Number of protein chains: 2
Amino acid sequence: MTSRSIVTAAGTSGARGRSASRTPGHLQKPGSTVVLERDGDAEVKRTLLPGGLRVITEHVPGVRSASIGIWVAVGSRDEPLSVAGAAHYLEHLLFKGTARRTAAQIAEEIDAVGGELNAFTAKEHTCYYAHVLDEDLPLAIDLVSDVVFDAVCAESDVETERGVVLEEIAMRDDDPEDLLHDAFCTALMSDHPLGRPVLGSEQSITAMTRSALNGFYRRRYTMPRMVLAVAGNVSHRGVLTLVRKALRDRLTGDRAPLAPRTGRARLGASPRLVLHTDDTEQAHMMLGVRAIDRHDDRRFTLSVLNAALGGGMSSRLFQEVRERRGLAYQVYSSVAAYADTGHLSIYTGCQPDRLGEVAGVVREVLREVARDGFTDAEVARAKGSLRGGLVLGLEDTSSRMSRIGKGELAYGDYLTVEQTLERFAAVTPEDVANLARELLARPLAAAVVGPYAHTDDVPVQLHEVSK
Amino acid sequence: MTSRSIVTAAGTSGARGRSASRTPGHLQKPGSTVVLERDGDAEVKRTLLPGGLRVITEHVPGVRSASIGIWVAVGSRDEPLSVAGAAHYLEHLLFKGTARRTAAQIAEEIDAVGGELNAFTAKEHTCYYAHVLDEDLPLAIDLVSDVVFDAVCAESDVETERGVVLEEIAMRDDDPEDLLHDAFCTALMSDHPLGRPVLGSEQSITAMTRSALNGFYRRRYTMPRMVLAVAGNVSHRGVLTLVRKALRDRLTGDRAPLAPRTGRARLGASPRLVLHTDDTEQAHMMLGVRAIDRHDDRRFTLSVLNAALGGGMSSRLFQEVRERRGLAYQVYSSVAAYADTGHLSIYTGCQPDRLGEVAGVVREVLREVARDGFTDAEVARAKGSLRGGLVLGLEDTSSRMSRIGKGELAYGDYLTVEQTLERFAAVTPEDVANLARELLARPLAAAVVGPYAHTDDVPVQLHEVSK
């Protein structure tokens with residue numbers, strides 16, 4: 001098909017490392033292209049193609065590879081309870097064959113060039129991606145598009161893949177940290193869809209039909225819900241040509257992309273303790289509080305708080321639990337931000353007879369932070385840590401592709417790396433202390449995997465740390 | 001101290017992507033510098049400093065980061081049985097404080113710049129490394145050198161860290177795949193030091209003394225056993241200046257580096273089955289044969305064999321076990337190459353009642369490969385896969401640092417990426433078939449973690465696949 005004319009909505013000269021257009025992707029003019037960033041040779045551009053597909057690319061100077069991902073705004077939270085795990089099951093199924101390729105052919109084509117082709121399903125999105133040498137980008141775009149748009153979903157493949165998904169659930173059950181993470185989400189968000197495991201349950205997977213999966217596929221995998229992102233040694237124009245070739249007559253119609261999800265999750269029941277009794281060597285514990293959603297401007301403050309609390313070797317938790325007392329090998333905090341809620345949590349694993357002591361130390365750290373915040377030196381270090389980590393984390397084309405693709409899906413609005421660094425730099429110790437005080441006054445949720453028969457045997461206190 | 005004059009042993013014009021000098025590091029002239037590769041802006045150089053320290057650097061054009069690692073030719077195989085786990089325990093201990101820095105200061109300095117500072121211990125080497133923004137390289141070289149050469153090993157830190165190492169052992173015990181790997185090495189190599197876990201045992205760690213650890217440190221951590229490797233946006237001359245500043249008066253004496261270890265391991269007892277009874281959801285199985293050492297020229301052939309057998313999605317094992325039958329989520333083969341022996345192994349995990357079927361399918365695949373080798377298409381694909389994987393795997397400075405540092409320790413001799421690709425390209429289907437026939441006629445070893453009370457209950461056959 002003939003391409004629409006490409007309109008460059010922003011001038012070619014822009015501030016170094018600043019975004020040149022702030023038009024969100026879902027409000028972009030159909031057929032237009034905007035420059036989101038231009039910084040020397042580096043460039044980020046976005047085009048809205050007919051059919052409602054957003055294509056966003058980053059030209060990364062000096063690399064020999066390219067990564068392409070199709071991000072779909074569909075995840076496990078979109079599943080009715082009766083088909084829990086459908087999004088992930090479907091992700092497996094799409095690789096089992098398309099109108100043009102068998103599963104073996106898909107595998108052979110990517111292996112032949114030494115590329116990586118894979119996918120992952122999360123609570124709010126699913127991503128299909130490939131990482132290849134730049135010369136193999138045409139193949140990668142064709143393969144990923146084929147899988148996402150043209151899978152067959154044959155009945156026999158649904159049966160074969162059911163076994164694989166059940167094995168993946170069993171494998172998760174044998175990994176205490178993975179199991180714990182799922183249990184923690186249940187402890188914190190109860191029966192809200194965000195509280196359920198992405199994998200579904202043995203029951204829901206066993207009962208899943210081809211018709212349910214295919215229906216989910218046909219209804220949910222529409223272009224307005226998708227972003228196609230490419231980063232590496234690529235040109236925006238070249239990528240558009242390849243995408244048009246791969247998708248041909250699918251690129252029709254004036255459909256607007258879906259706006260990012262917003263709102264406020266109705267989480268219902270209070271946080272609680274969830275125990276998985278298991279004869280493990282360590283007791284594995286995760287505890288935390290409901291926090292802020294990804295649209296909350298304080299997310300930069302929360303990142304600083306998280307880094308100072310349990311992000312690195314010099315963080316409070318690492319120093320108190322591991323360095324001073326030798327109580328654990330692993331102890332860290334982490335943050336999750338969904339469209340309408342989020343959480344701040346702490347993980348650690350230790351000998352079961354020490355869990356009471358470890359939980360006590362963790363509570364004491366949280367109590368101090370809730371009361372006094374962090375020192376100026378700690379906040380400065382946390383900010384330095386985020387700055388270095390962000391830049392070092394963007395060295396490969398896969399992480400650059402994820403930044404632009406996931407960012408587009410989640411925010412629409414584009415932030416340059418420089419702008420993100422400025423937001424971190426602007427966070428003050430007072431901001432951190434205020435947020436810590438607010439969040440740590442909330443009820444705690446906890447999950448434990450370990451050799452305890454009843455929740456009463458678990459030596460972890462759930463009342464707020466400020467009390 | 002004053003630096004010796006730098007002699008460039010090779011001319012400045014060299015073949016593109018070819019090594020310009022083939023002098024092994026341990027035979028290099030003291031004080032001299034050789035150019036190992038020059039390809040456009042990229043350059044690999046090695047200097048032998050007084051004291052016997054080899055410094056090898058790679059200038060990577062277009063990146064903003066740098067990675068530094070000190071590779072020590074000491075690992076768990078160098079431990080007497082009575083101090084099993086000493087190399088790894090020591091690796092922990094070195095971060096607990098130096099003459100100039102407390103453990104907290106070490107952590108604070110690296111966190112402040114958002115860098116990564118860490119270490120790992122293997123059977124034949126230990127590596128201390130940092131990954132930082134290029135502007136922070138002076139700090140990174142100073143920190144890593146300080147930790148490796150000037151740690152205090154205080155009695156109280158030995159006690160605190162004992163708890164951490166015991167937690168790490170407990171964590172390994174809760175991870176079926178990690179536990180399985182250790183069990184497989186025992187099944188294959190019995191009581192040879194290579195058959196023992198790097199972590200040591202609960203008993204050996206509990207009994208470890210400060211004097212044993214410090215003695216191990218003083219005797220083993222000598223410059224002739226070390227390679228300091230740096231890759232990224234760096235110059236060789238600049239790195240040498242930083243290393244001289246960090247190590248000062250330690251850089252004295254005309255000591256020659258140790259030649260890489262060679263020989264033939266005396267493995268003694270025959271391979272067998274090792275079972276860890278555990279109430280896991282999946283039965284986890286690893287089985288394999290003794291293979292070739294890293295100095296064996298057929299290592300390139302073995303890589304092709306491994307890729308075709310179980311390296312990617314299109315490999316025989318993945319297709320037969322997962323794609324056709326849906327029997328497992330994970331199934332892959334892997335290769336280990338030590339100085340004087342090695343192994344080829346297969347991992348999979350499945351429902352315990354299907355283990356017999358899975359093991360049967362794996363045996364049948366191995367039998368066919370031993371008899372017929374692979375098709376030309378499979379070998380071509382495996383070679384393509386290795387080519388792409390090698391190049392894509394060298395995108396970040398950490399992997400480039402590892403390539404030159406570990407390579408120098410293991411081989412002395414330097415191979416450019418281009419030369420490695422040529423070696424893969426030269427492998428023929430006949431080479432692969434011959435090696436498969438030879439290796440797969442050897443006795444199998446197997447390890448299983450799963451809900452079986454006795455080895456007799458495990459449905460895995462150990463007789464050679466060719467029978």
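Chain letters run A, B, ... following the sequence lines, proteins first and then strands; every chain starts at 1. Being a predicted model, the structure only gives us computed values, none of them experimental.
- Checked against E281(B) for a side chain to side chain contact (heavy atoms under 4.5 Å, CB included), the options D174(A), L179(A), L166(A) give a single hit: D174(A).
- Contacts of K96(A) with chain B are made by side-chain atoms alone, with heavy-atom separations under 4.5 Å and no backbone atom involved.
- In this structure, the portion of E161(A) lying under 4.5 Å from any heavy atom of chain B is its side chain and not its backbone.
- The side chain to side chain donor-acceptor pair (under 3.5 Å) search around D173(A) returns none, not counting sequence neighbours.
- Put simply, NE2 on H92(B) and CZ on R322(A) are 5.5 Å apart, with the number rounded to the nearest 0.5 Å.
- Proximity to chain B (any heavy atom under 4.5 Å) is shown, for V165(A), by neither the backbone nor the side chain.
- Only the side chain of Q330(A) comes within contact range of chain B, with at least one heavy atom under 4.5 Å from a heavy atom of that chain.
- Residue with the most contacts toward chain B among E395(A), Q282(A), H284(A), E323(A): Q282(A) (heavy-atom pairs, distance under 4.5 Å).
- Using a 4.5 Å cut-off between heavy atoms, E202(A) makes no contact with chain B at all.
- For E108(A), the side chain to side chain donor-acceptor pair (under 3.5 Å) criterion is met by no residue, not counting sequence neighbours.
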Side-chain donor-acceptor contacts of residues 386-394 of chain B below 3.5 Å, not counting sequence neighbours, with atom names and distances?
none

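- Rounded to the nearest 0.5 Å, atoms OG1 (T280(A)) and CG (D279(B)) are 11.5 Å apart.
- Across all non-hydrogen atoms, the minimal contact from E167(A) to Y329(B) is CB-N, 3.7 Å.
- For A104(A), the parts lying near chain B are the backbone and the side chain together; criterion is any non-hydrogen pair under 4.5 Å.
- For residues 312-320 of chain A, a heavy-atom distance under 4.5 Å to chain B picks out G312(A), M313(A), S314(A), S315(A), Q319(A), given by residue number.
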